[in-house]
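The next block holds one structure in the form of structure tokens; read it before the comments.
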Amino acid sequence: MRAIIIGAGIGGIATAIRLAKKGYQVDVYEQNTYPGGKLTAFVQDGFRFDAGPSLFTLPELVDELVSLQAPNVEISFDYKKLDESCRYFWDDGAELTAYTNPERFGKEVEAKFDIPAKKIVEYIASAEFKFEKTARIFLEKSLHKSSTFLSPQVIPAVLNIYKMGLFESMHQLNERKFKDEKLTQLFDRFATYNGSSPFKAPGILTSIANLELNRGTFYPEGGMHEITMKLVKVAESLEVKFHYSSRIDEILIKQHQAVGVSLNGEQQLADLVVSNMDVYPTYKELMADQPQPEKVLNQERSSSAVIFYWGVNRNFKELGLHNIFFSNNYKEEFKHIFDSKDVYEDPTVYVNISSKLTKTDAPEGMENWFVMVNVPANSGQDWDKLIDQIRKNVIEKLSKRLKLDIAEHIITEHILEPRTIESKTSSSGGALYGTSSNSKFAAFLRHPNFHRKIKNLYFSGGSVHPGGGIPLCLLSAKIIDDLTPHAST
Ligand code: FAD
């Protein structure tokens with residue numbers, strides 16, 4: 001039996017591995033000349049940059065895929081757990097380092113902010129509790145099959161519903177817990193891990209903090225792009241064929257059944273089709289003559305980003321792998337992103353420096369900076385003008401806080417922004433994580449991993465259930481694995 005996957009994003013590669021392991025002959029068609037979609041990398045003037053994701057959590061989901069490799073090969077995926085998760089900086093001179101051990105982080109908060117360590121430890125334990133009780137229902141299973149809700153795992157979640165924070169926003173919950181502006185801001189930031197606003201996203205998403213601050217932040221040997229490269233190798237070991245520069249134009253549907261795809265006028269038939277491309281263009285471009293689930297497709301997009309990749313010609317001892325320079329007005333920043341759909345003049349700036357851990361990512365004595373600002377998804381804004389303003393504001397903010405003119409140290413630059421994210425990956429609006437989680441019903445409004453009316457058509461990746469980010473994309477593949485039969489010969 002043959003399976004065709006449209007797109008070699010991380011969700012597509014993971015689905016390819018799982019279907020090949022079930023006996024399918026798998027072909028992946030990718031419009032780009034390379035795999036990985038958003039999870040890719042590039043080299044410029046001697047600096048190597050991971051172009052997309054920089055934060056790696058739940059590595060066991062990658063391990064699980066690596067363990068499916070063919071018996072005759074030895075593909076290893078190596079990574080280490082980091083002690084430090086992120087360095088936080090505020091304009092008034094305050095700074096705080098978060099650790100992946102809750103007790104250690106608690107001590108740091110107590111020393112710097114005079115808030116009892118116990119509060120942090122309890123908060124993170126409650127985040128773990130929420131995650132543990134809900135992950136098996138909301139993330140690891142299809143939300144669109146009644147069997148999910150009849151499983152015994154639903155009972156503890158329902159019994160503890162009052163502890164889940166469903167009825168207040170993340171910000172309200174964090175403000176109530178900490179009664180401290182900076183700590184509230186720090187924990188609010190986890191809403192951005194799925195491209196949402198802490199002022200709108202439900203309190204249950206405070207469980208995200210647990211991933212980084214308890215289960216841990218990890219770093220793959222050689223950088224994030226290794227996740228893509230190793231999983232492609234695993235897929236190839238199972239005889240998955242990757243076809244690059246191959247843009248699919250249509251999903252072929254006959255009598256309510258997906259029967260293949262077409263590219264450049266040529267038909268490729270299959271027993272099963274999986275779209276790993278964003279679900280919006282999947283319907284609008286590849287299934288234009290089918291009924292369109294407009295309510296699902298028109299959900300609010302997650303945030304996008306403007307990223308400056310800077311080669312800088314010196315080292316910064318005060319910075320680590322992950323660094324955040326907070327805005328002075330977080331509420332205003334999110335109002336701009338999700339309401340007026342532009343960019344606040346004092347944005348929060350994330351600086352990731354992989355050369356702190358992989359020395360060869362930058363020439364000796366230099367660093368590779370990935371400098372990211374959250375922005376709205378593309379809806380036709382004047383991005384050239386906005387990017388000029390963001391660049392100026394970011395340089396001013398970092399220069400003030402680091403007490404030197406950053407602009408003088410940038411020796412090479414590349415920019416990625418909503419329009420180019422969209423054109424390189426077909427993600428609607430250049431959204432990083434598909435749709436936002438700015439409502440308590442968001443999880444239920446994401447497109448299912450299967451089509452309700454068209455047999456043999458499945459969906460993986462960040463724009464469908466359970467959502468965006470590497471771990472959730474990998475889980476979408478796992479759900480498809482659960483939903484599909486073994487290949488018969
Ligand atoms: P995508 O990466 O969206 O890839 C889809 C693929 O389909 C693309 O390769 C595209 O070319 C291909 N395609 C589209 N249309 C067609 C067609 N018609 N025919 C053939 N091929 C087609 N996540 C984290 O976990 N941690 C982070 O720190 C993090 N940071 C991020 C930072 C940035 C700047 C970005 C952009 C994303 C970040 N994310 C992060 C999100 C994460 O990268 C995504 O959720 C994830 O990689 C999406 O994977 P996907 O499977 O949905 O596929």
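Every number for a ligand or one of its atoms is a count from 1 in the order of the listing.
Protein heavy atom nearest atom 18 (N) of ligand 1, with residue, atom name and distance: I248 O, 3.1 Å. The protein non-hydrogen atom at the shortest distance from atom 26 (N) of ligand 1 is L55 O, 3.1 Å. Nearest to atom 52 (O) of ligand 1 among the protein's heavy atoms is G462 N, 2.7 Å. Here the protein heavy atom with the shortest distance to atom 9 (O) of ligand 1 is E30 OE1, 2.6 Å. Residue, atom and distance of the protein heavy atom nearest to atom 16 (C) of ligand 1 are Q31 OE1, 3.6 Å. Of all protein heavy atoms, the one closest to atom 53 (O) of ligand 1 is G9 CA, 3.5 Å. In terms of protein heavy atoms, atom 48 (C) of ligand 1 is closest to C473 SG, 3.7 Å. The protein non-hydrogen atom at the shortest distance from atom 1 (P) of ligand 1 is K38 NZ, 3.8 Å.
Within ligand 1, the atoms closer than 4.0 Å to a non-hydrogen atom of P471 are 25 (O), numbered from 1 in the order shown. Less than 4.0 angstrom separates some heavy atom of S426 from each of these atoms of ligand 1: 14 (C), 15 (N). The atoms of ligand 1 that sit less than 4.0 Å from any heavy atom of I6 are 17 (C), 19 (N), 20 (C). Proximity to K424 (heavy-atom distance under 4.0 Å) selects the following atoms of ligand 1: 11 (O). Interface atoms of ligand 1 facing G11, defined by a heavy-atom separation under 4.0 Å, are 51 (O). Listed by number with element, the atoms of ligand 1 under 4.0 angstrom from any heavy atom of G37 are 2 (O), 4 (O), 8 (C), 9 (O). Using a 4.0 Å cut-off to heavy atoms of G469, the atoms of ligand 1 that qualify are 23 (N), 24 (C), 25 (O), 45 (O).
For the ligand labelled ligand 1, residue G36 lies inside the 4.0 Å heavy-atom shell. A heavy-atom separation below 4.0 Å is not found between G434 and ligand 1.
When each of F47, F49, F316 is paired with W369, the ring pair (Phe, Tyr, Trp, His ring centres under 6.0 Å) condition holds for F316 and for no other.
When atom types are taken as modelled, the side chain of E64 and the backbone of L61 share no donor-acceptor pair closer than 3.5 angstrom. S460 places no side-chain N or O within donor-acceptor distance of the main-chain N or O of S476, the cut-off being under 3.5 Å. A donor-acceptor distance shorter than 3.5 angstrom exists from the side chain of R446 to the backbone of P466, with no hydrogens or angles considered. R215 places no side-chain N or O within 3.5 Å of a backbone atom of L58 that could act as its donor or acceptor partner. Checking side-chain atoms of E226 against main-chain N and O of P220 turns up no donor-acceptor pair under 3.5 Å.
At under 3.5 Å, not a single nitrogen or oxygen of A8, backbone or side chain, sits near a nitrogen or oxygen of ligand 1. Looking at ligand 1, you won't find any N or O of A305 less than 3.5 Å from one of its N or O atoms. Note: no N/O pair closer than 3.5 Å links S463 and ligand 1 by distance alone.
For the pair F190 and P198, the minimum side-chain heavy-atom distance is 4.5 Å or more. Taking the side chain as every heavy atom from C-beta outward, Q268 and D27 never approach each other to under 4.5 Å.
Residues D384 and R419 are paired through a salt bridge, judged by an N-O separation under 4.0 Å between the basic side chain and the carboxylate.
Closest heavy-atom approach to atom 14 (C) of ligand 1 within the set M277, R247, E285: this belongs to M277. Nearest-residue assignment for atom 24 (C) of ligand 1 (options I470, T228, N276, T425; heavy-atom criterion): I470. The heavy atom nearest to atom 39 (N) of ligand 1, considering only Y433, Y350, F370, Y29, is found in Y433.
For the 3.5 Å distance criterion, the side chains of Q185 and Y88 fail to qualify, holding no donor opposite an acceptor. Side-chain contact annotation: Y350 with S54, donor-acceptor N/O pair under 3.5 Å present. Of the N and O atoms on the side chains of D271 and Y24, not one donor lies less than 3.5 Å from an acceptor on the other residue. At a cut-off of 3.5 Å, with distance as the only test, no side-chain donor of T97 or E84 sits close to an acceptor on the other residue.
Residue-level proximity to ligand 1 for S246 is carried by the backbone, the only part with a heavy atom below 4.0 angstrom. Under 4.0 Å from ligand 1, the heavy atoms of I307 that appear belong solely to its side chain. Heavy atoms from both the backbone and the side chain of P53 come within less than 4.0 Å of ligand 1.
The aromatic rings of H447 and H451 sit tilted relative to each other, their planes meeting at an angle between 30° and 60°.
Here the straight-line distance linking atom CG of L139 with atom CZ of F131 works out to 5.5 Å at 0.5 Å rounding.
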